[in-house]
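Along the sequence shown, residues carry numbers from 1.
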Amino acid sequence: FGMALIGRLLEAQGFRVGIISQPDWRSAAAFRALGRPNLFFGVTAGNMDSMVNRYTADRKPRSDDAYTPNGEANRRPDRALVVYAQRCREAFAGSNVVIGSIEASLRRIAHYDYWSDKVRRSVLPDSKADLLLFGNAERAVVELAHRLAAGERIGDIRDLRGSAFMVPRGWLPGEGWSEIDSTSVDTPGVLIRHADPYAMTAAAADGAACADGAGKAAAGAAAAGGQIVQFRLQSYMRMPKLARAQTAIRLPSYEQVAADPVLYAHASRVFHLESNPGNARALVQTHGERDVWLNPPPIPLTTAEMDGVFAAPFQRRPHPSYGEAKIPAFEMIRFSVNIMRGCFGGCTFCSITEHEGRIIQSRSEQSILREIEEIRDRTPGFTGIISDLGGPTANMYRLACKDRQIESACRRLSCVFPGICENLDTDHTPLLQLYRKARALPGVKKVLISSGLRYDLAVRDPEYVRELVRHHVGGYLKIAPEHTEEGPLAHMMKPGMSSYEQFRLMFEKFSKEAGKEQYLIPYFIAAHPGTTDADMLNLALWLKRNNFRLDQVQTFLPTPMALATAMYHSRRNPLHKVGRASDTVDTARGARQRRLHKAFLRYHDPDNWPLLRETLRQMGRADLIGNGRKHLVPFAQPPGSGLRRVAPVASKPAARRSTGTSSAR
């Protein structure tokens, strides 16, 4: 948990850390419990964005909170980061306030907010914080604490990577700095002659083989109605590293992106293309009379640094102040081990890359095995089963670009879409060795793998799949095709179903060889941008052909700053150059259509049949209504069904039945 991790990290640096857990935000009294902080208030909304944590994809309040004792709901306010920061100001005027956590990361610039259905300002001006630390901020928070302890003013600390702050409009850090308008870097509007610097030639990428070709950019412009021209890249694309490090890109202002969806999609595109720590430039965005300044993202931690973070004396149990109360989130992870951070998959609906980055940060084998031994020896209730050995993904441990120079120059949003990059090392051998040593530890009966498996990577290494299936699957293995149709998959940046089928065949083969009856549990997203009613119908027919009945399904939830959220709000696709004439993205926004897409995933539920029958007739597919094996829904409606359930109950998964997932990934 983030608060425990940062607390122990600062403690190891010699600082005293006090934690005020879920304070009563209705007054400032609870925020005075520990007195005025010597250095700063460090404010977090918790392990999840507070709005995602508190509301469903249908904007309905959740009945519980997994991070609160006994799952009690309503212990945190909406937009908790802003509320807590303001109360800190009220409690002790003049104290330094530093905000962080995933809520700060995902709201560090102007962003679409699903719950209010509007573009909101950066969380910085709303919280009135002195500093925002985004991403995994260990280095930044340690350096900040030492510099404040040495007497520096927080308003003078402007060079921390992974930090954001408010400055006067037009401010620059010093001599030698220059500013580029984002519309000259990636021009929104009608496609015109000048080059798209992001469609880089190999030369512009300093030899990076993963760069897109300039010819592709010209062909794309022609297909979109532009002109094919010969061009040279702008000179600033060849600026030396020193000059690049002293360049800021000015995004359209908050007021502009709030009023213009095309500029919002453009800003989202530029923001994500400036996310590689090896080449990212500072970003600046005007809010009223002031600017929000974002320094480049933090440099990923080395393996030794990761080991140091996880070597702190964690007690591996809730604080004694909670007494006998159960904390659901702790119960879920108390026998699991986090082995890595980051994800280079780049799925557009996922917030991992915006927060943790695309470069994988892995712990050493020794550090991980030591933690398993600690679980065995110190965690109450351990029965010999490690519930998970993973992280954001199950199988990206120690995977990286083959060349650091290429990695630092690369501007691809994904290393595995539309295909796996030739520069990506996909060798699973270090992970296989870790699995074998983990399950060989005395007192460990079984090590399960429960994190999301990237199956398009796994099929590159049949030995990994064999080992996984023989030793690390507890009867069911969840994987995430997310959809079956090319349109939605392209907007998600997910692989096609051919990779799924390849993995399924390997899974079934190795299960049979091991003499085990095991099942794949695929899960899918309803109402993702780029998905039509016809796409959902085809997915429902695929589920029926394969005899899958989903007990729980996930409806797309637009989280702040995700690329898919930009599609949802703007109806433009920021994966490509955005123009006024760009094709719009099919987006299920209305309650009825979102409910329909979810109903297609649960085609077997009688409560969904009236809506599906009506829609099938409108689509000209009444041939799918009937009582035969090829029909999707029957003619007749069972008595008492056809009404939306108030509290649906998920049944226990059976063979070929998928439980899916209801979490916000």
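- At least one donor-acceptor pair closer than 3.5 Å links the side chain of Q518 to the backbone N or O of V469.
- Geometrically, R589 engages Y568 in a cation-pi contact defined by less than 6.0 Å to the ring centre and at most 45° from the axis.
- The backbone N or O of A540 lies less than 3.5 Å from no partner atom in the side chain of R545, so there is not a single donor-acceptor pair.
- Going from atom CZ of R466 over to atom CZ of F510 covers 4.0 Å, rounded to the nearest 0.5 Å.
- R621 and D533 are not joined by a salt bridge, as no carboxylate oxygen comes within less than 4.0 angstrom of a charged side-chain nitrogen.
- Side chain of R411 to backbone of L273: a donor-acceptor contact under 3.5 angstrom is found.
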Step by step, work out the side-chain contact (heavy atoms from CB on, under 4.5 Å) result for L389 and Y397. CA-CA 10 Å; L389 208 60; Y397 179 72; over 6 Å; no
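- In this structure, N573 and V578 have side chains that are not in contact, with every pair of non-hydrogen atoms separated by 4.5 Å or more.
- Between N276 and C410 the shortest heavy-atom distance is ND2-O, 2.9 Å.
- Counting only N and O atoms by type, the side chains of H491 and T348 include no donor and acceptor under 3.5 Å apart.
- Residues L263 and R580 approach most closely at CG-NH2, 4.4 Å, considering heavy atoms.
- The 12-atom threshold is not exceeded at CZ of R629, counting heavy atoms of other residues, nucleotides or ligands nearer than 6.0 Å.
- The pair R549-D551 does not meet the salt-bridge criterion, since no charged nitrogen lies less than 4.0 angstrom from a carboxylate oxygen.
- No donor-acceptor contact under 3.5 angstrom links the side chains of N395 and Y455, judged on distance only.
- Y264 contributes a side-chain N or O that, together with a main-chain N or O of Y112, makes up a donor-acceptor pair within less than 3.5 Å.
- Side-chain contact between L624 and V633 is absent, with no heavy atoms from C-beta onward closer than 4.5 Å.
- Between I352 and G342, the shortest heavy-atom contact is CG2-C, 4.2 Å.
- Here the side chain of H576 pairs no donor or acceptor atom with the backbone of S582 at under 3.5 angstrom.
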Are R120 and S116 close enough, and set up right, to give a side-chain contact (heavy atoms from CB on, under 4.5 Å), and what steps lead you there? CA-CA 9 Å; R120 292 181 64 92; S116 59; 4.0 Å; yes
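- Side-chain contact check for D78 and Y55: at least one donor-acceptor pair (N or O, by modelled atom type) lies under 3.5 Å.
- Ion pairing between R108 and E103 fails under the 4.0 Å rule for side-chain N and carboxylate O.
- Of all heavy-atom pairs spanning P277 and I359, the tightest one is CD-CD1, 4.2 Å.
- The aromatic rings of H428 and Y464 sit tilted, their planes meeting at an angle between 30° and 60°.
- D425 places no side-chain N or O within 3.5 Å of a backbone atom of K402 that could act as its donor or acceptor partner.
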Start with the C-alpha distance between W609 and F635, add both sets of side-chain angles, then the distance that settles ring-ring contact (aromatic ring centres under 6.0 Å, His included), and finish with yes or no. CA-CA 9 Å; W609 291 349; F635 286 118; over 10 Å; no
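- Of the possible polar contacts, none joining the R454 side chain to the A394 backbone as a donor-acceptor pair under 3.5 Å is found.
- One finds the CZ atom of F134 at 10.5 Å from the CD1 atom of I109 (value rounded to the nearest 0.5 Å).
- Side-chain contact of D65 with N53: a donor-acceptor pair under 3.5 Å is present, judged by distance alone.
- In plain terms, the two heavy atoms of Q593 and T587 that are nearest each other are OE1-O, 3.9 Å.
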Given side-chain contact (heavy atoms from CB on, under 4.5 Å), test I521 with I479 step by step and report yes or no. CA-CA 6 Å; I521 306 296; I479 59 174; over 6 Å; no
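- Residues meeting the side chain to side chain contact (heavy atoms under 4.5 Å, CB included) test with P418, sequence neighbours left out: R412.
- S570 pairs by the side chain to side chain contact (heavy atoms under 4.5 Å, CB included) definition with P261, A265, R572, not counting sequence neighbours.
- When only modelled atom types and interatomic distance are considered, T393 and S451 share no side-chain donor-acceptor pair under 3.5 Å.
- Proximity of C343 to E356: side-chain heavy atoms (C-beta onward) are nowhere separated by under 4.5 Å.
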CA sep, side-chain torsions, deciding dist, call: D117, R59, side-chain contact (heavy atoms from CB on, under 4.5 Å): CA-CA 11 Å; D117 193 24; R59 297 191 178 99; 4.2 Å; yes
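- Between K478 atom NZ and I449 atom CD1 the span is 15.0 Å, to the nearest 0.5 Å.
- Salt bridge R107/D49: present, at least one basic N to carboxylate O contact under 4.0 Å.
- Electrostatic pairing of D64 and R62 does not count as a salt bridge here, judged by no charged N lying under 4.0 Å from a carboxylate O.
- The distance from atom CD1 of I525 to atom NZ of K494, rounded to the nearest 0.5 Å, is 8.0 Å.
- Side chains of P529 and F556 form a contact here, defined as non-hydrogen atoms less than 4.5 Å apart.
- Considering only heavy atoms from C-beta on, F271 comes within 4.5 Å of L294 through its side chain.
- For the side-chain hydrogen bond (donor to acceptor under 3.5 Å, both in side chains) test with D113, the passing option among K118, R79, R121 is R79; the others fail.
- With hydrogens and angles disregarded, a donor-acceptor distance shorter than 3.5 Å links the side chain of T615 to the backbone of L611.
- The closest donor-acceptor contact from the side chain of S511 to the backbone of F507 lies under 3.5 Å.
- Put simply, the side chain of S362 gets close to the backbone of R398: a donor and an acceptor are under 3.5 Å apart.
- Judged purely by distance below 3.5 Å, without hydrogens or angles, the side chains of D535 and H483 never pair a donor atom with an acceptor atom.
- Note that CG of D388 is 11.5 Å distant from NE2 of H472, once rounded to the nearest 0.5 Å.
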Take D456 and Y500 through the side chain to side chain donor-acceptor pair (under 3.5 Å) test and state the conclusion after the steps. CA-CA 7 Å; D456 52 342; Y500 167 82; over 6 Å; no
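- Rounding to the nearest 0.5 Å gives a distance of 12.5 Å between CD of E422 and SG of C415.
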